[in-house]
Amino acid sequence: MLIAIAYRNLWRNRRRTLLTLSAMVVSSSLLILALGVFSGMLEDMLASATEQYHGHLVVSKSGYQDNHDLYATIRDEKLPVMLENRPEVVAASPRLRAYGLLSGRDISRPAELLGIDPEREEKVTTLMAHLVAGRPLPSAAGNGALIGSGLARRLGVGPGDQLVFVTGAADGSIGNDLLRVTGIFSTGDSGHDNGLVLVGLPWLQQLLVLPGQVHEIAMRVNDPMAAAGIADRLAAELPPGLDVFDWGDLLPEMREAVASFDVSRMIVVLILYAATGLGILNTFFMAVMERTREFGILMAIGMRPRTVRAMVLLETLQLGLLALLLGGAIGLLMTWLMQRFGIDLSGQITPVTYAGGTILPRLHAAFDPVNVWMPCGLLLVVCMVAGYLPARRAAKLQPVAAIREE
Amino acid sequence: MSLIQLDKVCKTYRTGNLEVPAVVDFTATIEAGEFTVLAGPSGSGKTTLLNLIGCLDQPSSGQVVLDGRNVATTPTRKLADFRLRHIGFIFQSYNLIPVLTALENAEFTLMLRGVPQQQRHQRVRELFALLGLEGLENRRPNDLSGGQQQRVAIARAIAAEPAVVLADEPTANLDSRASRELLELMHRLNREQRTTFVFSSHDPQVVDMARRVISLHDGRLADDRRREP
Ligand SMILES: Nc1ncnc2c1ncn2[C@@H]1O[C@H](COP(=O)(O)OP(=O)(O)OP(=O)(O)O)[C@@H](O)[C@H]1O
Ligand SMILES: [Mg+2]
């Protein structure tokens, strides 16, 4: 009965309630959309930062990520398959890395060579997808090479041209061999475009005299934000001497960017809701003041003050739940539309690189449950806090004084 | 023992530096089953006295004893329950909760007492029949005439069979015909159901119908007359 009374009272001043409700719905749904777009930007950034080169998780010998020591290799050839069998891991790509001198027609430049299995690497990073000339590496790569666009320009080479790579091999000898450019990639990240070359894993293993060995296994996981947790679980199962790094370890600035997003999300929500909360407070104060005499009568005929308080709180609770449902639904719908279609801004702005990731010139949303439940949950909290003061005021009314009021 | 005992009751309001004595040294007893009018001009203290009897207010000095309970010594938070259990109220106007139907308004005190719905409805239907309100159960107060609203308020006040029903100028907003009808109803309830009524009025026509008239003047008891019907 109390719930029914509260509901009817809520709609007594239909226009005022609708106005307050729409303010709540608009603020919460826009908030959900804005957070979704933020998440989308972050996802783009994270994707470009991790999926372009590192992968979400990397397994290597314990010290390898600090010094890229040639001898710190993994010999276990079954490890990539074992990792891929885990449900969280989408794909795993074994890699061997070498630094040396790369020569074109008559110029030499230092370069990083990454020996990969093209089929597996394709599933982990997007390096191979940024081809601007030539063809991708075939699965049997032979001595084929994909070369960064800046490096290709400096060496004056194009698809079909020959390269010579010289480096120190594991047995102490000087390894050198011929490569043939099959394609040129351009990622937008100058570090990679000016210094990275992708070659076939067997070719590099032979050159370095490291048969069957790799330096790292890069992985893609189904939820990049959960990478740290997956890393912890994996670490416990790996053979001794091996370590697993998540993208946060490999790209600390990116981790900062994500953490600061969590904080700024909270701040944005709180600021917006402070304003919404004042609106609700105002509405309910007015609603309570108008009904002073009525509360007086209710208390005179024996309603307890705390029942009066509960009745007013029930009104705010109902308003809050209604706003939450509508705001949540509209916010989700808008997020979904933005996720599905997005807005292309490449005509207006150029990509921005920040914290090792690239923010693409587009508005698109990503779905993150936190972006929905946090605005919704806080809306309800704000609503109840804003309802509490008027409710308490109603409960504190003296029946005699309240009834005298006309 | 009398139902209501008022012993040297004083109530003084303070507005700024000014002390307004609303009720002064008022002593009277009211027995169960009586039909009493508090009469007196505007400002003579009728409302104040009814509020004191109804445990809505506490006296500045003196004692109000209701059904053996001293109002002054009862903690405020217990007074709401006490009112619910022992007192029915009818106010001058806008008695009813606008968002509730006539039936819901009438059953409200029963609901607060935790009476099951079926019993509540049965009781209210009886009362509506008695008060000539059949067919109006689902109307909202705004869609009822002033007299009908006051009758719903009576139904609410007597539904839980309180020891006493207090009515502060229940007819003030009604025309003389509706006033008379309402009064006759209260009379009948008093006769047939032995409901104790104490109400205030400054309308001579109303005062004439009462069996006991307590006249107030400037907060003091001026006259206390009983008439046998
Ligand atoms: N809350 C209050 N504060 C100050 N003075 C008050 C208050 N309530 C009543 N009074 C004063 O006490 C006196 C008695 O008031 P009361 O309302 O009891 O009279 P009444 O007989 O009911 O008058 P009416 O017929 O106009 O309703 C009046 O002088 C009034 O001004
Ligand atoms: Mg009065």
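Naming: A, B, ... by sequence-line order, numbering from 1 per chain.
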Contact class of B:Arg156 relative to chain A, heavy atoms under 4.5 angstrom: side chain
A:Phe261, CZ: over 12 other non-hydrogen atoms inside 6.0 angstrom: yes
Beyond-backbone contact of A:Glu294 with B:Leu96, side-chain heavy atoms, under 4.5 angstrom: no
Heavy atoms of other groups near A:Ile3 CD1, more than 12 under 6.0 Å: no
Contact origin within B:Leu112 toward chain A - heavy atom pairs under 4.5 Å: side chain
Residue A:Met289 excluded, over 12 heavy atoms near CE under 6.0 Å: no
Straight-line distance of B:Thr109 OG1 to A:Met303 CE, nearest 0.5 Å: 11.5 Å
Distance in Å, A:Ile403 CD1 paired with B:Phe91 CZ, rounded so as to fall on 0.5 Å steps: 3.5 Å
Verdict with supporting geometry, B:Phe108 and A:Ile5, side-chain contact (heavy atoms from CB on, under 4.5 Å): CA-CA 11 Å; B:Phe108 203 84; A:Ile5 298 174; 3.5 Å; yes
Heavy-atom neighbours of A:Arg393 CZ exceed 12 at 6.0 Å: no
Non-hydrogen side-chain atoms of B:Arg83 and A:Ile301 separated by less than 4.5 Å: no
Check: A:Arg293 side chain, B:Asn95 main-chain N or O, donor-acceptor pair, under 3.5 Å: no
B:Val99 backbone acceptor or donor facing A:Arg8 side chain under 3.5 Å: yes
Interface residue of largest heavy-atom contact number with chain A, from B:Cys55, B:Gly54, B:Pro98, under 4.5 Å: B:Pro98
Where A:Gly302 and B:Leu84 come nearest, the two heavy atoms and their spacing: CA-CB, 3.8 Å
Atom group of B:Glu104 that falls short of 4.5 Å from chain A, counting heavy atoms: both
